[in-house]
Amino acid sequence: GMSGVGLFLTYLGFNLLYSRFGVSQYALYAVLSILSTTLIVGIWWLKEPVNLYHKLAIVLAVVAVVLFSIGQSQGPS
């Protein structure tokens, strides 16, 4: 049940991104999906244990989103 809803929302998200922004936003959407799933479902809801490597991966994912956004705003070089 829940996996079907999740799959539908993922498809809807990719479809909306493609129709509005093209393929360049897929990387951003993928990273944001991983972050939100990790933080909300894994850590907050299921209380999964988090070690230093998990925290470092989360920080690096946030940095990737920021750098991607800066790159998109700068345009091609």
Checklist line | L35 side, atom CG; I58 side, atom CD1 - distance, nearest 0.5 Å | finding: 7.0 Å
Note to self: Hydrophobic clustering (ILVMFWY, side-chain heavy atoms < 4.5 Å, transitive) - are F68 and L60 grouped together?
What the structure shows: no
Margin query: Please find the pair of heavy atoms, one from A61 and one from V31, that lie closest to each other, and give the distance.
Written below: O-CG1, 3.6 Å
